[in-house]
Every structure is written in C-alpha cells, then in structure tokens.
Amino acid sequence: VFSGTALINAHARCGRLQDARRAFDAMREHNVISWTAIISAYSKHNEFGEAFLFFERMLLSGVAPDKVTFMVLLKACASLVALELGKQVHAHIIKSSLNCNIFVGNSLIAMYAKCGSIGEAHQLFEKLHYFDRDVVSWTTLIAGYAQEGLGQEALDLFQQMVMEGIQPNDVTFVSILKACASVLVLEQGKRIHTHLIDGSLKAYLNVGNVLVDMYAKCGSIDHARQAFNTMQERD
RNA sequence: GAGCUAAUAAUGA
C-alpha cells in the first residue's frame, strides 16, 4: 500500500493520470492516503469531476476522509469557484470534527474567499482561536480582500497582523502589494516597501517582481525601474 | 516510510 501510493503520486507528477489510475486499481486495498492520492492526482490536473467521483467512492467504501483529503477537496472547490460544492465539503468537515484543524480551517477560508464569500471567510477566520491563526490564515484573508478589490481592508488586516506580532512572509508581501497595485495606492505601497528594506524577503524573486509591478501599475515608472535594478535575481 | 493548506506579471483565444 505504501509503495502503491508513491507510484500514484509519481505518475501524477508526470501528468500520467491513466497510469496513476492503473496503480490505484492494482492495489488490493485502499486506505485514506491512497484514496487522497488519487483524488489529488485528478485535482492537480483539473480533472475535478473524476476527483469528486473518487471522493464519492471513498465514502461508499467506508474509508473516512482526513484533514489532507479535505484540504485537497477544498482546493478543488476553490479552483472551480464552486461555492455550493464547497459548502457540502464543509458539512462533511464539520461531521468529521476537523473544522478546528488549522490547515483545514485555512483551506476553508481560502475556498470561501475564492468563491466570493469574503464575509463567510472572515467569520471563519474570527472563529479560529487567536493562538491558532498563522501566517497562512492572515495571508489567505488578505489575498481574499485583494481579490475582491477591497484594498483598504487588506491593508488594515496587514497592519493588524503586524501589530499582533505575526511575521509576514514573502507570500504575504506579494498579496498586500498586489492589493496596493489594484487600488493604485502608491503611498501605501511605498510604506509596505519600507517594511521590506531591512528584511531578507526583498531578495525573493516573487517579492521583487510584484514590487516592480506595483510601482508600474501605480504610474511610478522610476520606482519600478529602481526596484528592477536592485533585484538580485530576475526572470 | 506514501497523500499536504495561502499569493504574484504579461501575451494570445
């Protein structure tokens, strides 16, 4: 069962879904990990119908999904922007009492945010115990507001996050700078940029790219050029 | 020992 699951994963990484399926079928028994591996395989290649078909089969076979299964399914719902399906998965999660798990909680927030239910996403964020909220929880919500075009809310959350002592990472900066770019608030973007000056995060390729983009979109081509010139790595 | 959550530009249809 262990090597069979690894084989599913190996085929999936190479995009050989039919081989992944064969590896799954060749196993004489399936556990939660092998079920999740085949669901993830289809999901990663945007075969969401197949992914959910296998989820149904998994339930019928009597194997209980775990936190990883739910994270994979919620990511699929987010990709599909399928709110109703996401709510069904949410119901399963509550039944399994996994809604208190931080990873599942973060995936739920991301799913609701991606599906346009930012209010629901924020409520779930508030329901997380404050000591559970991590950089991913904050970043997910910030990105959700940015996606909705609510740049000010994103900026407020960023400030609150810093005040609560949570260290933003490179993904957080990408999200918040994108928010600045989308609402064209150059001054805010500059202020965020100052957070980066002393840190090592500015060396990240993704952060450098979004700094260039933010300045360019805000109409400050000189700053964009300067940001480009100081990048340690470019693509 | 296997499955593992958040973010980012442009172009084209």
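Residue numbering restarts at 1 for every chain, and letters A, B, ... go by the order of the sequence lines.
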Length of the line joining [X]:[atom1] and [N]:[atom2], which is rounded to integer Å:
| X | N | atom1 | atom2 | result |
| --- | --- | --- | --- | --- |
| Ile142(A) | A6(B) | CD1 | C1' | 10 Å |
| Leu98(A) | U5(B) | CG | P | 16 Å |
| Gln147(A) | A9(B) | CD | P | 11 Å |
| Met161(A) | A6(B) | CE | P | 16 Å |
| Leu141(A) | A7(B) | CG | P | 12 Å |
| Arg234(A) | U8(B) | CZ | P | 23 Å |
| Met27(A) | A2(B) | CE | C1' | 9 Å |
| Phe158(A) | A6(B) | CZ | C1' | 15 Å |

*Would Trp138(A) and Phe158(A) count as a close aromatic pair, with their ring centres under 6.0 Å?*
no
*When the ring centroid of Phe24(A) is compared with that of Phe54(A), is the distance short of 6.0 Å?*
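That pair passes the under 6.0 Å test.
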Nearest listed nucleotide, side chain of [X], among [options]:
| X | options | value |
| --- | --- | --- |
| Asp66(A) | U5(B), U8(B), G3(B) | G3(B) |
| Met71(A) | C4(B), U8(B), A2(B) | C4(B) |
| Asn9(A) | A9(B), A6(B), C4(B) | C4(B) |
| Thr69(A) | U5(B), U8(B), G3(B) | G3(B) |
| Ser40(A) | G1(B), G3(B), U5(B) | G3(B) |
| Ser107(A) | U8(B), C4(B), U5(B) | U5(B) |
| Val171(A) | A2(B), A7(B), C4(B) | A7(B) |

_Phosphate-side-chain proximity, Lys44(A) and G3(B), N/O vs OP1/OP2 below 4.0 Å_ =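 No, outside the criterion.
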*Given A7(B), is OP1 or OP2 found less than 4.0 Å from the side-chain N or O atoms of Lys114(A)?*
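For Lys114(A), the contact criterion (side-chain N or O under 4.0 Å from OP1 or OP2 of A7(B)) is not met.
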*What's the spacing between Cys180(A) SG and Gln152(A) CD if we round to 0.5 Å?*
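So the SG of Cys180(A) and the CD of Gln152(A) are separated by 9.0 Å.
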*Say whether Asn106(A) and Ser137(A), considering side chains only, have a donor N or O and an acceptor N or O under 3.5 Å apart.*
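On atom types as modelled, these side chains qualify, holding a pair under 3.5 Å.
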*Quiz item: Asp235(A) side-chain donor-acceptor pair to A9(B) base, under 3.5 Å*: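 Result: no qualifying N/O pair found.
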*asked:* What I want to check is whether an N or O donor and acceptor connect the side chain of Asn169(A) with the base of A7(B) at under 3.5 Å.
replied: no
Contact class for [X] vs. all strands (heavy atom < 4.0 Å): base, sugar-phosphate, or nothing?
| X | value |
| --- | --- |
| Thr5(A) | base |
| Val212(A) | nothing |
| Asp170(A) | nothing |
| Asn106(A) | base |

*Step by step, would you call Arg21(A) with Glu47(A) a salt bridge (Lys or Arg N to Asp or Glu O under 4.0 Å)?*
CA-CA 12 Å; Arg21(A) 173 62 192 275; Glu47(A) 303 261 357; over 6 Å; no
*asked:* I'd like to know if Arg22(A) and Asp19(A) make a salt bridge, using a cut-off of under 4.0 Å between side-chain N and carboxylate O.
replied: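 Judged by the 4.0 Å cut-off on N to carboxylate O distance, Arg22(A) and Asp19(A) do form a salt bridge.
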